[in-house]
There are 2 protein chains.
Amino acid sequence: MPENIATSEAGSPLYLRVRDQLAEQIERGEVTANIKLPSERVLAERFETTRVTARLALAQLEAEGRIYRSNRRGWFVSPPRLIYNPTEDYSFSDNAVTQGRLPRTETLEVRCTVASAWLAGKTGLETGDPVVLVRRRRYLDERPVLVENIYLNSRHLPGIKGFDFNRSLWKLLRDQYSVDLVQKKIEMFPTALVDPQASALSVNAGTAGLCVNRCSRDAAGVFVEFDEEFWLHDTLSIQVNVA
Amino acid sequence: MPENIATSEAGSPLYLRVRDQLAEQIERGEVTANIKLPSERVLAERFETTRVTARLALAQLEAEGRIYRSNRRGWFVSPPRLIYNPTEDYSFSDNAVTQGRLPRTETLEVRCTVASAWLAGKTGLETGDPVVLVRRRRYLDERPVLVENIYLNSRHLPGIKGFDFNRSLWKLLRDQYSVDLVQKKIEMFPTALVDPQASALSVNAGTAGLCVNRCSRDAAGVFVEFDEEFWLHDTLSIQVNVA
DNA sequence: CCGTGATACTGGTCTATACCAGATAAGTGG
DNA sequence: CCACTTATCTGGTATAGACCAGTATCACGG
């Protein structure tokens, strides 16, 4: 990632000068992640301006991924982004641990349902085909960073509903069903998180996020699972290698 | 992309209710892209609130990628995202035309320089190695959607500086140097656009963007070019296939 | 007919203030 | 010592203005 430290000149808007001074303090000072910033009211006073302008500056730093907010608790310095390769099968947990992070997975819901028109279009299923929906929330260092909806082809994965989804799904498919996910179609786009994803991550509606959709098939081309991930925008960096 | 129309209940904040009503009007009414919304002052009056709150609602829709702003001209409905596959070599222009869009490329600068420590770390070059920097701006339907910095290995591409960079770089390398870019390392992360990228795209500092970095090598593993792209967040959807 | 300058309109920035709801810390009673 | 209440601090939402700096328009003068 480039350093990309934008430093504003004297003539630039006040909220950008405040942004830059805060950014500098973050770089210089206690760079340790998850440190709490002074409250908005204190910042406004310190920079001799109002809360509205202070919040503009904070929103800039948030958009850049330097800080994040915890609802009604305050602003905190963002930890480094998790490097994530959606084309490879590996465990979220293993990946996080390798990068010195503490991962945790929470299964929010496991439910039998049927494919919507939208899902059918994404997967090649017919509308109404049976699927198992698994909703999970994942944490890094106890901060929730993503929620996902996993749609499993229940016809090809009998009894899938009974397993423990707090562990790696990829390992489950490999060990219990001898399924290798060799074909994938991945789609990613930045978007705002709205409900229900926003509340599941305890952030305000409109928080910047990244949506990662992944449709996986086995070697024979049979649809196995569709994964719809909603990440907080400052928590990840996608990395893909093409040989 | 999921429909994902968040509809707020009666008890929810005013700016979310305004957001939803505007979103509805966009869906129902003149969905045609690039239509201008009423001015902030008119919206504030129409929803019986203030400009600040109206702007909050507009910022939500902007974050979701539904609308975008043109500096001091107004708010406009966003056109569909360009589907973009950074792992494949094809022309930006061809890709855009295929999707019914009008592309344009502008070369902002061509300059001989040397590799910075940052670039060296990304490419495997030594700091100080000669590179040619090409800065380009690309448009869709006359809206600037990305700026990029291309760093070319001038040792392996003699005379590269003299060519026309408004055309496809990939075709140039293939036709003039018989170079195929078969190895790529791609990194993507959401971030805010700050100067100088923000001003190059005529947006305010802090506008949500997506940074796509691509390091390409030839069949022998020799570094050829590093491409650093800054996209407006609402203009693209990344799509990658893994066979 | 074209250029030009005045003008209205747009979003961009900023002040000052208010109240609310959730999170937290301090205090209190068992 | 713990459980519960209370007070305080936090960001979240909202009002009501103000001035500035570009954009677009239109009438006017050449």
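Naming: A, B, ... by sequence-line order, numbering from 1 per chain.
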Undergrad: Does the side chain of B:S39 get closer than 4.0 angstrom to OP1 or OP2 of C:dT10 through an N or O atom?
TA: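 Answer is yes, contact under 4.0 Å.
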Undergrad: Mind checking what makes side chain to side chain contact (heavy atoms under 4.5 Å, CB included) contact with B:N149, not counting sequence neighbours?
TA: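 Result, side chain to side chain contact (heavy atoms under 4.5 Å, CB included) vs B:N149: B:L133, B:R135, B:Y151, B:Q197, B:E228, B:F230.
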Undergrad: Who passes salt bridge (charged side-chain N to carboxylate O under 4.0 Å, His left out) against B:K161, sequence neighbours left out?
TA: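 So B:K161 forms no salt bridge (charged side-chain N to carboxylate O under 4.0 Å, His left out) with any residue.
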Undergrad: Heavy atoms of chain A, cut-off under 4.0 Å: which first and last nucleotide of DNA chain D, 5' to 3', fall inside that, if you could look?
TA: D:dT10 to D:dT13
Undergrad: Ignoring hydrogens and angles, tell me if any N or O in the side chain of B:N71 forms a donor-acceptor pair with the backbone of B:V203 under 3.5 Å.
TA: no
Undergrad: Excluding sequence neighbours, so at least two apart, what forms side chain to side chain contact (heavy atoms under 4.5 Å, CB included) with B:V52?
TA: B:T50
Undergrad: Which part of the nucleic acid, if any, lies within contact of B:L56, taking any heavy atom under 4.0 Å across all strands shown: a base, the sugar-phosphate backbone alone, or nothing?
TA: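 B:L56: no heavy atom of the nucleic acid under 4.0 Å.
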Undergrad: Write out all pairs satisfying salt bridge (Lys or Arg N to Asp or Glu O under 4.0 Å) with one or both partners inside residues 202-212 of chain A, taking only residues at least two apart or from two chains.
TA: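 Residue pairs with at least one partner in residues 202-212 of chain A: there are none.
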Undergrad: Nearest of C:dT15, C:dG12, C:dT10 to any side-chain atom of B:E40?
TA: C:dG12
Undergrad: Given C:dT17, is OP1 or OP2 found less than 4.0 Å from the side-chain N or O atoms of A:T50?
TA: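 Checking A:T50 against C:dT17: no side-chain N or O falls below 4.0 Å of OP1 or OP2.
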Undergrad: Within the 4.0 Å limit for protein heavy atoms, which parts of nucleotides 19-25 of chain C are touched? Write it as a string from 5' to 3', B for base, S for sugar-phosphate only, - for none.
TA: B-BSSS-
Undergrad: Using the side chain to side chain contact (heavy atoms under 4.5 Å, CB included) criterion, which residues pair with B:Q21? Sequence neighbours excluded.
TA: B:F47
Undergrad: Separation of B:W75 atom CH2 from C:dG11 atom P, in whole Å?
TA: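 B:W75 atom CH2 is separated from C:dG11 atom P by 8 Å.
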Undergrad: Checking B:M188 against B:N213 for the side-chain contact (heavy atoms from CB on, under 4.5 Å) test, could you report, in this order, the C-alpha distance in whole Å, the side-chain angles of both residues, the deciding distance, and whether it holds?
TA: CA-CA 6 Å; B:M188 294 171 270; B:N213 292 340; over 6 Å; no
Undergrad: Applying salt bridge (charged side-chain N to carboxylate O under 4.0 Å, His left out), can you list everything that pairs with B:R136, at least two apart in sequence or on another chain?
TA: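 B:R136 satisfies salt bridge (charged side-chain N to carboxylate O under 4.0 Å, His left out) with B:E148 only.
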Undergrad: What is the distance from CZ of B:R69 to P of C:dT10, rounded to the nearest Å?
TA: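 About 16 Å, once rounded to whole Å.
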Undergrad: Could you pull out all residues at least two apart from B:E106 that satisfy salt bridge (charged side-chain N to carboxylate O under 4.0 Å, His left out)?
TA: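 With sequence neighbours excluded, B:E106 shows a salt bridge (charged side-chain N to carboxylate O under 4.0 Å, His left out) to B:R104, B:R137, given in chain and number order.
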Undergrad: For the helix from C:dC1-D:dG30 to C:dG30-D:dC1, measure the angle between the helix axis at one end and the axis at the other, each built from five pairs, rounding to 10°.
TA: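 Inter-axis angle at the ends, rounded: 10°.
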Undergrad: In whole angstrom, what separates B:K36's NZ from C:dT10's P?
TA: 6 Å
Undergrad: Indicate, with a heavy-atom threshold strictly under 4.0 Å, whether B:T49 touches base, sugar-phosphate, or nothing.
TA: sugar-phosphate
Undergrad: Can you list everything that forms a side chain to side chain contact (heavy atoms under 4.5 Å, CB included) with B:S202? Sequence neighbours excluded, please.
TA: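 For B:S202, no residue satisfies side chain to side chain contact (heavy atoms under 4.5 Å, CB included) once neighbours in sequence are set aside.
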Undergrad: Under the salt bridge (charged side-chain N to carboxylate O under 4.0 Å, His left out) test, which residues partner A:R51, sequence neighbours left out?
TA: A:E40
